[in-house]
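Order of listing sets the numbers, starting from 1, for every ligand and every atom in it.
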Amino acid sequence: MSDFTRINGALACEGVRLADIAAAEGTPVYVYSAATIRNRFRAIDDAFASHPHALHYALKANSTLAVARLLRSLGAQADANSGGEIDVALRAGFIPPEIVFTGVGKTQAELAQAIELGVRTINAESEGELERISALARARDTRARVALRVNPDIEAGTHPHISTGLKTNKFGMAIGAVRDICRRASRLEGIEIAGLHIHVGSQITDLAPLRRAAEAIVALARELRGDAVSIDHVDLGGGLGISYDGSPVPDAADYAAALLPAVKDSGLTLVLEPGRNIIAPAGALLSTVVDVKEQPGITFVVLDAGMTELIRPMLYGAFHRIEPVLAATAPEITCDIVGPLCESSDTLGKDRRLNRPAPGDLMAVMDTGAYAAVMASNYNRRTLAPEVLVDGTRWTRIRRRQTIEDILALET
Ligand SMILES: *Cc1c(COP(=O)(O)O)cnc(C)c1O
C-alpha cells in the first residue's frame, strides 16, 4: 500500500532508490511521493462522492508550491491560515473562490487582502472579527462571505497541543453563543453569513468526536436557517489522523461513514480541510548518521537531521518510524536517535531497536510529509533542507537547499 517499499533490501520511493536521491542532493532532504498524494486525495474525494462537497487542502501541513500545484491538479481547493499561505495558494494557481481563510489571529492587513481578493469564505473566529470584517468590507464597498468558527467543546482525544475544539482552547466561538452572535451579525453590513466551521483537532484516530461535532454543527445550522440566516455549507475542518506506528486507524471510507449521515439530508454542502491525512504518509526525511556514541547505559545514534527539520517529536512527543535506507545486518542495539542541535529534547526517537548503524549510513524518518518542512527553522544557523518530489521512476528537486548566504542576505 505504501509507496515507500524495499527493492532488493534498499528503501525506495515509488521507482526511485532513496540512496540515489541522497547521493545527488545530500542530507538532510525531504522526499515526497506524488503517487501517495494522488491516491490519498482521491480516497477522500471518492469516499464523499455521494454528497456535494469541496476538499480544501490545509496548506499549513505542507505548502511547497509543487505540492500545492499537484493537489490543485487533482481538484483540491485550498485552506489558508495566513496571508502568506493565501499568497502561496495564488502562486500555485488557486483562484480566490477556491480559497478559504482560517486563523485565530488574522490581522487587519490579512483580512483586507482576503476581502479584496474575494476568497470563498473567511472563517471568522470571534464577534470582534466579524465587526472588523464588516468595517473593512464596507470601506471597500463590497460584501465578504463568512463562516462562523464554532467551538463545540468536544474532546478530540488527541494530544492536548493539537486539540482545538475544547472551550479552554483559543479557537472559535462557544457553541452556545453562536445563535445570538449570528442574530447580531446579521444586522452588520458588508458580511454575508454563509456557513459554519469547526475543526476540533489534528491526528484524530477516534471518529466519535468528529461525528458528534458534525451532528452539533448541522443542528446549529438548522436552527440558524430557522432564524432566516442563509447557511449554505458546513465546514468540518481537517483532523483525520494517520498511523505513525503501524496500528490500525480509520480510513477515508470510515471517515465518510462517520460524517455523511449528519449532513445527508441537510441540504448543506460539506467542506473539509484535510491536511495531514493526505500528505504525512507521502514523505520521508533522509538523514546521515554522523556519530554512534556509547555512554554508560545508553547508546546515541546522532543524525544530521533534528528538531530543525522535524520538530514534532520534541513538540508533541510524536512517534515516527526510523529505518535504515540500505539493508542492515549488524546486530541490533537499543538506542536513542538524536539530532545535532544544542537541546537535549532534540531527540527523534527514544529506546529504538536498530541494527547498529555506522557513521555515514543513511536513515529515513518516515511519515514526514506533514508538519515537518513547514515547521523547519534556522536554529543553530542551519539551512533549510531541500525537497524532492518523486513521480514513478523520475524525481524533481522542488526546493533547493537554502544557503547561509540566503539567510544572511536579510541582515546588515
Ligand atoms: C490545521 C488545520 C487543518 C488541517 O488539519 P489536519 O490535521 O492536518 O488535517 C484544517 N483546518 C484548520 C482550521 C486547521 O487549523
Side-chain angles (χ1 to χ4, degrees), residues 37 40-41 43-45 47-48 53-63 67-68 71 76-82 84-86 89 99-106 110 114 119-126 129 146-152 154 156-166 169-173 195-207 209-210 213-214 217 233-244 249-252 255 258-259 270-283 312 315-316 318 367-375:
I37 296 171
R40 297 188 71 88
F41 177 83
I44 299 178
D45 204 24
F48 286 90
H53 68 281
L55 300 183
H56 286 255
Y57 168 66
L59 284 168
K60 78 172 196 277
N62 184 322
S63 60
V67 169
L71 279 151
Q77 304 187 53
D79 168 35
N81 258 263
S82 66
E85 286 185 359
I86 292 178
I99 301 170
V100 297
F101 182 32
T102 314
V104 78
K106 304 181 199 77
E110 287 173 320
V119 299
R120 176 186 183 135
T121 319
I122 301 175
N123 290 328
E125 286 275 343
S126 68
E129 188 176 284
V146 299
L148 306 190
R149 176 148 182 193
V150 177
N151 184 321
I154 286 174
T158 183
H159 189 278
H161 291 181
I162 47 178
S163 325
T164 52
L166 279 174
N169 297 137
K170 67 184 176 185
F171 301 94
M173 307 176 218
L196 295 175
H197 175 230
I198 43 172
H199 171 74
V200 296
S202 196
Q203 184 51 19
I204 297 171
T205 52
D206 170 8
L207 294 173
L210 285 171
I217 199 173
H233 73 277
V234 288
D235 179 340
L236 300 182
L240 181 62
I242 66 149
S243 180
Y244 283 98
V249 294
D251 64 10
Y255 182 51
L259 299 187
L270 176 61
V271 173
L272 295 170
E273 302 166 344
R276 182 195 313 272
N277 186 266
I278 294 171
I279 193 73
R312 300 188 65 258
L315 209 52
Y316 317 124
D367 301 312
T368 42
Y371 306 109
V374 285
M375 286 185 162

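Atom OH in Tyr57 sits 11.0 Å away from atom CG in Asn277 (nearest 0.5 Å). For the atom pair Arg312 CZ and Met375 CE, the distance stands at 8.0 Å (nearest 0.5 Å).
Taking the six-membered ring for Trp and thresholds of 30 and 60 degrees, Tyr255 and Phe48 have ring planes more than 60 degrees apart, a perpendicular arrangement.
In summary, the atoms of ligand 1 found under 4.0 Å from a heavy atom of Ala58, numbered by their order in the structure, are 3 (C), 4 (C), 10 (C). Close approach to Gly275 involves these atoms of ligand 1, each under 4.0 Å from a residue heavy atom: 6 (P), 8 (O), 9 (O). Every atom of ligand 1 is numbered from 1 in the order shown, and the set under 4.0 Å from a heavy atom of Arg276 is 6 (P), 8 (O), 9 (O). Taking every heavy atom of His197 and a limit of under 4.0 angstrom, the matching atoms of ligand 1 come to 13 (C). Here is the list of ligand 1 atoms found below 4.0 Å of a heavy atom in Glu273: 3 (C), 4 (C), 9 (O), 10 (C), 11 (N), 12 (C), 13 (C). Interface atoms of ligand 1 facing Gly238, defined by a heavy-atom separation under 4.0 Å, are 9 (O), 10 (C), 11 (N). Atoms of ligand 1 lying under 4.0 Å from at least one heavy atom of Asp79, given by number and element, are 10 (C), 11 (N), 12 (C). Near Thr102, with a cut-off below 4.0 Å to any heavy atom, the atoms of ligand 1 are 13 (C).
Atom 7 (O) of ligand 1 has as its closest protein heavy atom Ser202 OG, 2.3 Å. Among all non-hydrogen protein atoms, the one lying nearest atom 9 (O) of ligand 1 is Gly239 N, 2.8 Å. Nearest to atom 1 (C) of ligand 1 among the protein's heavy atoms is Lys60 NZ, 1.2 Å.
When the side chain to side chain contact (heavy atoms under 4.5 Å, CB included) test is applied to Ala58, the partners found at least two apart in sequence or on another chain are Asp79. For His197, the side chain to side chain contact (heavy atoms under 4.5 Å, CB included) partners two or more places apart in sequence, or in a different chain, are Thr102, Asn123, Ala147, Arg149, His199, Asp235, Glu273.
Looking at Glu129, its side chain does come within 3.5 Å of a backbone N or O of Glu125 through a donor-acceptor pair.
None of Leu210, Asn151, Val150 except one satisfies the side-chain contact (heavy atoms from CB on, under 4.5 Å) rule with Val200; the exception is Leu210.
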Dump the intermediate steps for side chain to side chain contact (heavy atoms under 4.5 Å, CB included) on Val271 and Leu236, then the final yes or no. CA-CA 6 Å; Val271 173; Leu236 300 182; over 6 Å; no

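For atom 8 (O) of ligand 1, the choice among Phe171, Tyr371, Phe101 with the nearest heavy atom turns out to be Tyr371.
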